[in-house]
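Notes to accompany the following structure.
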Number of protein chains: 2
Amino acid sequence: MAVTISDVARAAGVSKGAVSYALNGQTGVSDETRRRILSTAKDLGWTPSLRARSLSSSKAYALGLVVARNPKLLGTDPFFPSFIAGIETTLADQGFSLVLTVAARQGAEEASYRRLVHEGRVDGVILSDMRAEDSRIPLLLELGLPAVTLNRPSTPSPFPAVCMDDTEGISNAVQHLIDLGHTRIAHVGGPQHYVHSRSRRDAWADTLERSGLEAELFIEADFGAQQGTDATARLIDMDRKPTAIVYANDIMATAGQSYLQQQGLSIPDDISVTGYDNTEFAQYLNPALTSIGSDPLLWGSTAAQVLLNQLGGKHDGDDVILPAPQLIIRGSTAKPPANPSK
Amino acid sequence: MAVTISDVARAAGVSKGAVSYALNGQTGVSDETRRRILSTAKDLGWTPSLRARSLSSSKAYALGLVVARNPKLLGTDPFFPSFIAGIETTLADQGFSLVLTVAARQGAEEASYRRLVHEGRVDGVILSDMRAEDSRIPLLLELGLPAVTLNRPSTPSPFPAVCMDDTEGISNAVQHLIDLGHTRIAHVGGPQHYVHSRSRRDAWADTLERSGLEAELFIEADFGAQQGTDATARLIDMDRKPTAIVYANDIMATAGQSYLQQQGLSIPDDISVTGYDNTEFAQYLNPALTSIGSDPLLWGSTAAQVLLNQLGGKHDGDDVILPAPQLIIRGSTAKPPANPSK
DNA sequence: AGGTGCTACTGAACCGGTTTAGTAAGAGTT
DNA sequence: AACTCTTACTAAACCGGTTCAGTAGCACCT
């Protein structure tokens, strides 16, 4: 079996308690003894037993992430793998692990959090995809589970937030289109109960209105290719059809772009298109997709770090603001047709 | 605090040991007493402490998944989220959790497995993306960690395998193209150290050769959009350029298709294209992508179940064979041009 | 010299289960 | 009646840490 703290105690000629104090850097042992204990521990190759420590300290040494999305849609979202990789880079260094849960069915989400707490699997969770009136906040308060949120939720939240502004990228995209001469700029947004979907929509509307344009061409979709296509079809069926469409993610933009081309429209000559996320394939589309490039890796590693700090009582209470995603202009945007149809 | 086994013992007027026997369905208690213990446990709302159980039984009640991929590429791969969701559906029912690790850097993979074992985080792992001479097999044997593999590895492996045949879909795709009249069918494959990449290539080559065609137009890429584009560029620069390209995944096919269109080629009139995975967006491309639809959800849930059976000593030793992914024919494939250029 | 306070440590309890060793009661055997 | 065997249970050890209560030894104060 592995070497335990008792083995170290015996070898060093002290009690178990002394070893524990020495190893945890607590007071109660002389420097002299501490050195001796540490060196015998090292000689014997001692490493702490996570399980024993979990039991006696009532900690899990793990963080949780509950992803509540349809796996089909999740599969096309490039955000999560990078985000998770970011979380990992922080956790691995500090002896923590990530427990991942996918809540596919409605209602499974709450059950997942309850189970994580009840089994004591995790010491805290990272909340992504914040929603309006997010029910997870009261739930976690009830459960007493620490958390960080990605972006500050719209309702009061006692949890630290790690923020990456959605609005700047969208505003820049819309302004870019306005500067090119577009006046009928549509937006295909994500589900509006998501805070980020909502703030992207608001950014789109605000930017238009600042230039005296009306923000009327809006369709809500679900971030999936199917609804991206449908929304696009509805937009170009309109009497006063848009000359540019700002999509809330690259998947919908890709699907929309394909649909438009299929309808005989040329991109960007007949209609301009922008995405969000700067997915790896965005630059290889035909034409390459103008998009907004976020940094999920940084977001993940920062969120994990903030949560760990919080657990260690080292959080200063301020939200962490990360650099806003930037607009990346490519071939899918150009000036509107000189003589727009109808 | 939560109610413990001692509380139940006291309430039922028996010893801790008796409660443990009763709750675990072991012999040593009369039916009468067992019923009484179970009902008082229920009345008190007792649930086992995962941590205490982990310590005394030396089990983690968790499975691990180590994903060794560049997060950038991982982000575009629709396989993992669905696969993980599948794993979850099995685990959640049985009180297990999933510990996910992303090994970004080279060498981080082995360290991840060692850490999982060393900390006792998991009772077993699921191995995906099997490689030729896969170093994980001897590693896990050394570490004594149970595992399941996705598909049977090329080297001898004592671990059960859950298999989903790669070859049938590719063979059908190639045969479909041959039936349409193509004779110069290229393949853009994944990294050839992956077993699945290799078997897809072999299926492509075998099917061509069965029809007396030469399997010469092969390029290895990394499943990413960039290399998919590059490979496509090289193929159409050739003297005897292909009239059809079979890609090893949808991402490369999508990137390739865009590149081809950008070069003024019409799909499928000038050149046919097929993908693999049947990504959600595949059907919304322009033209819709002929692809091969695997079932990662089923694969995940089955792999988890087989591993749990294995841990419970209930594995019968046979590999589990899942239905092979099927070819889905869409607009990106058609008969070759009547008078192929050069 | 006696009291106080601090340091450095020990021994034991504790976290909440599982598991082993031991035992009392009853049935069966001869 | 004495012996063995089984059943049903208890007490205690154990997993490997953390933490609390107690104590010996020493310095300092008055």
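Below, read A as the first sequence line, B as the second, and so on, with proteins coming before strands; counting in each chain starts at 1. Any value given below was found using the heavy atoms of this structure, including those in side chains, with hydrogens, waters and symmetry copies removed.
- Under 4.0 angstrom from either OP1 or OP2 of D:dT19 there lies at least one side-chain N or O belonging to A:Gln26.
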Grab the N/O contacts between the protein and nucleotides 21-23 of chain C below 3.5 Å, and write none if there aren't any.
none

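- Side chain to side chain, A:Ser54 and B:Arg51 fail the donor-acceptor criterion of an N or O pair below 3.5 Å.
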Worked verdict on A:Leu143 versus A:Leu116 for side-chain contact (heavy atoms from CB on, under 4.5 Å): CA-CA 10 Å; A:Leu143 294 172; A:Leu116 287 177; over 6 Å; no

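- A:Asp7 has its CG atom 14 Å from the P atom of D:dC14, to the nearest Å.
- Taken over five-pair windows at either terminus, the axes of the helix from C:dA1-D:dT30 to C:dT30-D:dA1 are inclined to one another by 60° (rounded to 10 degrees).
- Considering only the side chain of B:Ile5, C:dT18 comes nearest among C:dT18, D:dG17, C:dC9.
- With C:dA8, D:dC9, C:dG17 as the candidates, the nucleotide lying closest to the side chain of B:Trp46 is C:dG17.
- For the pair A:Leu55 CG and D:dT18 C1', the interatomic distance rounds to 10 Å; values are reported in whole Å.
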Kindly determine whether A:Leu63 and A:Leu311 satisfy side-chain contact (heavy atoms from CB on, under 4.5 Å), including the steps that lead there. CA-CA 10 Å; A:Leu63 299 186; A:Leu311 293 176; 3.8 Å; yes

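- Within residues 11-20 of chain A, the residues approaching DNA chain C are A:Gly13, A:Val14, A:Ser15, A:Ala18, by heavy-atom distance under 4.0 Å.
- For A:Ser56, the listed nucleotide lying nearest its side chain is D:dT18; candidates were D:dT18, C:dT18, C:dT19.
- Rounded to an integer number of Å, the gap from CD1 of B:Ile37 to P of C:dG17 is 14 Å.
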